[in-house]
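One structure below.
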Protein chains: 2
Amino acid sequence: MARPNAGTKGVPRLDRETQILDIASEQFGTYGFAATSVATVADLAGISKPLIYNYFGSKDGLFEACLDRGGALVADEIERIARGDAVGIQRGMATLGGMFALLDGRRHLWRLFFDPSAPTTGPIADSVTVYADRIGKLAEEGVAELMGLAGNDDLLDISAMTSVWLGIVDSLMNWWVEHPNESAEQMMQRCLRLLTAIVGEGEK
Amino acid sequence: MARPNAGTKGVPRLDRETQILDIASEQFGTYGFAATSVATVADLAGISKPLIYNYFGSKDGLFEACLDRGGALVADEIERIARGDAVGIQRGMATLGGMFALLDGRRHLWRLFFDPSAPTTGPIADSVTVYADRIGKLAEEGVAELMGLAGNDDLLDISAMTSVWLGIVDSLMNWWVEHPNESAEQMMQRCLRLLTAIVGEGEK
DNA sequence: GGTATATGACTGCTGGGTAAGTTACCACGC
DNA sequence: GCGTGGTAACTTACCCAGCAGTCATATACC
């Protein structure tokens, strides 16, 4: 006796994994890898720590699983938009819109790939690199297009501008997290207004 | 006997404190609060951990001291520029130029105020808030000016745009850290080119 | 009885923080 | 010039909390 709950919940592994990944993604995305403890995730899920180790092997494994699930989602969507025919600033806006729509309800996901407290070596770093590179490549491609239209082909300029662009997306995502009442659609409209304030009415 | 180094270095407290703050700021700025250990800072300074606790009381105290020294520097400079007569995008560019000039040689300082791994409650959070607010206020003021010129007075738009602006500065600082050979002057020229690529030649 | 779903109670390590003592140096009286 | 006591600078060796990770065991169901 003495362990009245052991084994009695009967939740199928896949369901449980999904639930754990949801909670872990939110915690990692909100507080960062270093500041998130496995015990906290277990508590929030209403289960014990060893079950997480059973299913994901380690804290690193758990984080990797979050990355893989979230990364595929985000990178696929950005790739889909990149295959569209929008160019220059329009492509940027289309990407933003896609992200807002995709990440509505899981806004913290974005931050997984830009977590400075995550390990910088080992499998986690590799996994981060895979998705950050996929996203970064697409961003760089779009930026290069934009800069090319303006007659600038300097590689360092493109690199810096890519960094700025990712920083912009990042800020918007963070701002969105802090303003939970904003819908994806509202965010998109807001971004269009911000763009207008900078470049003027001309460019759509 | 047996402690051949105890007390023999004779470095005045103020000198030692400055040295410790230099090293700690770089570590905190580079790896974040959570990932930086006091022992590492002590090692890099060539002294023992207790001396740091002697002078700064705690890890939090050390971080706070870094914040206070760096925050005053950065906030003062931004304030100085804000008192100038540049307006709108020009003011933004002037601020960027000031930051590049000021932070040349200590580029990591900027990141102290935007460290997601720093405690979110207690004296550290308060201190961060003081400087982040000072910087944020000035940024918001400049952004409100810019948006006003474009006929947009929406408070949430201004808030979001301020977040984007700070994100842009942040990205540029991070990019700069990753490209150590770039001089402050080169960075400034680069930013002007990036601006041109977005808004066109019109606005200087 | 075999397997999937679970848990309480442990271990070991890392890192913040501390107690107590050591060395150098200066000021002062003689 | 020379003991002597006070103080600033500094260290070794330790404590302890929190957290990643593990082991043995328990329940439920086919």
Side-chain angles (χ1 to χ4, degrees), chain A residues 1-21 23-24 27-28 31-66 115 117-124, chain B residues 1-21 23-24 27-28 31-66 115 117-124:
Chain A
M1 58 139 284
R3 256 168 272 191
N5 284 321
T8 59
K9 295 175 185 166
V11 177
R13 175 164 186 159
L14 272 183
D15 292 2
R16 192 60 98 188
E17 282 182 352
T18 303
Q19 180 207 8
I20 294 173
L21 284 181
I23 293 172
Q27 292 293 308
F28 284 136
Y31 303 106
F33 177 81
T36 297
S37 87
V38 178
T40 304
V41 175
D43 277 358
L44 290 173
I47 56 170
S48 64
K49 215 171 35 155
L51 192 59
I52 294 183
Y53 281 89
N54 235 351
Y55 288 170
F56 298 98
S58 64
K59 184 184 183 182
D60 288 32
L62 178 60
F63 191 69
E64 258 197 273
C66 293
D115 183 352
S117 78
T120 53
T121 57
I124 286 193
Chain B
M1 58 142 286
R3 256 169 272 192
N5 284 322
T8 60
K9 294 176 187 167
V11 177
R13 175 164 185 157
L14 273 182
D15 292 3
R16 191 59 98 190
E17 282 182 352
T18 304
Q19 181 208 7
I20 294 173
L21 285 181
I23 292 172
Q27 291 294 307
F28 283 137
Y31 303 105
F33 177 82
T36 297
S37 88
V38 178
T40 304
V41 175
D43 277 358
L44 290 173
I47 56 170
S48 65
K49 215 171 35 157
L51 192 59
I52 294 183
Y53 282 90
N54 234 352
Y55 288 169
F56 298 99
S58 63
K59 184 185 182 180
D60 288 31
L62 178 60
F63 191 69
E64 258 197 274
C66 292
D115 183 352
S117 78
T120 52
T121 59
I124 286 192

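Here the structure is a predicted model, which is why all the values come from computation and not from measurement.
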Would you classify A/Thr36 as touching base, sugar-phosphate or nothing, given that sugar-phosphate means primed atoms plus P, OP1 and OP2, and contacts are heavy atoms under 4.0 Å?
sugar-phosphate

Rounded to whole Å, the CD1-C1' distance (B/Ile52 to D/dA9) equals 14 Å

For C/dA6 and A/Arg13 - does any side-chain N or O of the residue sit under 4.0 Å from the phosphate oxygens OP1/OP2? no

Here the distance between atom C1' of C/dG15 and atom OH of B/Tyr31, to the nearest Å, is 18 Å

Whole-Å distance, B/Lys59 NZ to D/dA17 C1', equals 14 Å

Ranking D/dA20, C/dG16, D/dC10 by distance to the side chain of B/Tyr55, first place goes to D/dC10

All heavy atoms of B/Gln27 vs all of B/Thr36, minimum pair found to be O-OG1, 3.2 Å

Picking from C/dG17, C/dT7, D/dG21, the nucleotide nearest the side-chain atoms of B/Tyr53 would be C/dG17

Under 3.5 Å donor-acceptor pair, B/Lys49 side-chain atoms to C/dG16 base atoms = yes

Inset, instruction - Might you confirm whether atom OH of B/Tyr31 has over 12 heavy atoms from other residues, nucleotides or ligands at distances under 6.0 Å? - result: no

In whole angstroms, the gap separating P of D/dG21 from CG of A/Leu51 amounts to 16 Å

Looking only at C/dT18, C/dA6, D/dC10, the nucleotide nearest the B/Pro50 side chain is C/dT18

Does NZ or CZ of A/Lys59 come closer than 6.0 Å to the centre of the six-membered ring of A/Phe33, within 45° of the ring's axis? yes

To the nearest angstrom, the CZ-P distance between A/Phe63 and D/dG21 comes to 14 Å

B/Leu14 CG to D/dA9 C1', in whole Å, measures 13 Å

On a heavy-atom basis, the closest approach of B/Phe28 and B/Cys66 is CD1-SG, 4.0 Å

When rounded to whole Å, the CG to P distance for the pair A/Asp43 and C/dG8 reads 11 Å

| With sugar-phosphate meaning primed atoms plus P, OP1 and OP2, does B/Ser37 contact a base, only sugar-phosphate, or nothing at under 4.0 Å between heavy atoms? | sugar-phosphate

A/Ile47 atom CD1 is separated from C/dT7 atom P, nearest whole Å, by 7 Å

Under a 4.5 Å cut-off applied to non-hydrogen side-chain atoms, are B/Ile47 and B/Ile20 in contact? yes

Result for 5'-nearest mapping on DNA chain D, choosing between B/Ser48 and A/Ala34, is B/Ser48

